[in-house]
Structure formats: C-alpha cells, structure tokens
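As structure tokens, the structure follows; a few thoughts come after it.
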Amino acid sequence: MPASDEHPETQWVGEAAGAIVRPYVLTRGRTEPTRGRFDLITLAVAVGPAHAGTGGLDPECQAIVRFCRRPQSVAEIAAHINLPAGTVRVLLSDLLDQGLIATQEPHSETDMHDEKLYKAVLDGLRAL
C-alpha cells in the first residue's frame, strides 16, 4: 500500500495544494526575474497615474502596483500580499518590464564599509 494511502492527510489535493501550486501558476513556472536583482531590501515604486495600464494584470500584480504608490521593499510587498519573496521578485520583474514600476537596488557592499554606518547600526541596536 503506498504511503499516501496510509496517511490521506499527507496528500496534496484541493486546498492543500493551493499554497504550492498558486505561486508556480502566478509566475508561469519561472523562478528567476527577467532582469534586476530584487534583494529583500530593493525598493519598488509604481510609476505613472494610479491604475494606469493595470487593467490586464493579474490581481496580485494589481495589488503590488497599488501598494507601491509609495516606495516599498520586496520584503514588505511579499508580506503585504502574502506571497513568497521569490514569487514577488518574478512579478516585480514583469511589472518592471511593462514600465509600471521603477526600482532602487541596494548599495553595493563597497559602499557599506563606512565606519559611520557601523556606528549607526550599533547605536540603533543599543537603543533597543
């Protein structure tokens, strides 16, 4: 008898498959953005008038464009629309390709070797 017959609760069907299948369907099976790095701290902001050109988008992409009226990080977007960060990265790259968002990539590591930055981080941690 197969293991799935012994424990029917371990089968992934119906609603149980939704959390796994849905991101795959949203990205059309893609796991990487078409362009851009999209680190968790990359900022995205919608460009153009509100709701301009969003009529043919999936509901998730429309939600991203609405949420990004103010600059938001990839992590904030993923938390807000309740999708994995990897899925959000792919959707953001689609929106970037369509000219609906602009992004600001984080500074390179060479810019982060400033002693002032480390002191500010330490001061912030001490304040907690």
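All residue numbers in this chain count up from 1 along the given sequence.
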Next item on the list: Identify, with sequence neighbours excluded, every residue that meets side chain to side chain donor-acceptor pair (under 3.5 Å) alongside Gln72.
Entry: none
Margin query: If the condition is side chain to side chain donor-acceptor pair (under 3.5 Å), which residues does Thr103 pass it with, not counting sequence neighbours?
Written below: none
Notebook entry, point to check: Taking only residues at least two apart or on different chains, which pairs with a member in residues 58-89 satisfy ring pair (Phe, Tyr, Trp, His ring centres under 6.0 Å)?
Noted result: Phe67-His80
Grab the two heavy atoms, one from [X] and one from [Y], that are nearest each other, plus how far apart they are.
{"X": "Leu96", "Y": "Ile101", "result": "CD1-O, 3.4 Å"}
{"X": "Pro84", "Y": "Ala78", "result": "C-CB, 4.4 Å"}
{"X": "Val74", "Y": "Ala85", "result": "CG1-O, 4.5 Å"}
{"X": "Glu60", "Y": "Ile81", "result": "O-CD1, 4.4 Å"}

Checklist line | Interatomic spacing from CD1 in Ile77 to CZ in Arg89 - rounded to 0.5 Å | finding: 11.0 Å
Note to self: To the closest 0.5 Å, what do you measure between SG (Cys68) and CD (Glu76)?
What the structure shows: 9.0 Å
Could you tabulate the donor-acceptor pairs under 3.5 Å formed by side-chain atoms of residues 41-48, not counting sequence neighbours?
{"residue": "Thr42", "atom": "OG1", "partner": "Asp39", "partner atom": "N", "Å": "2.8"}
{"residue": "Thr42", "atom": "OG1", "partner": "Asp39", "partner atom": "O", "Å": "3.3"}

Item checked: Side-chain heavy atoms of Leu57 within contact of Leu95, under 4.5 Å -> yes
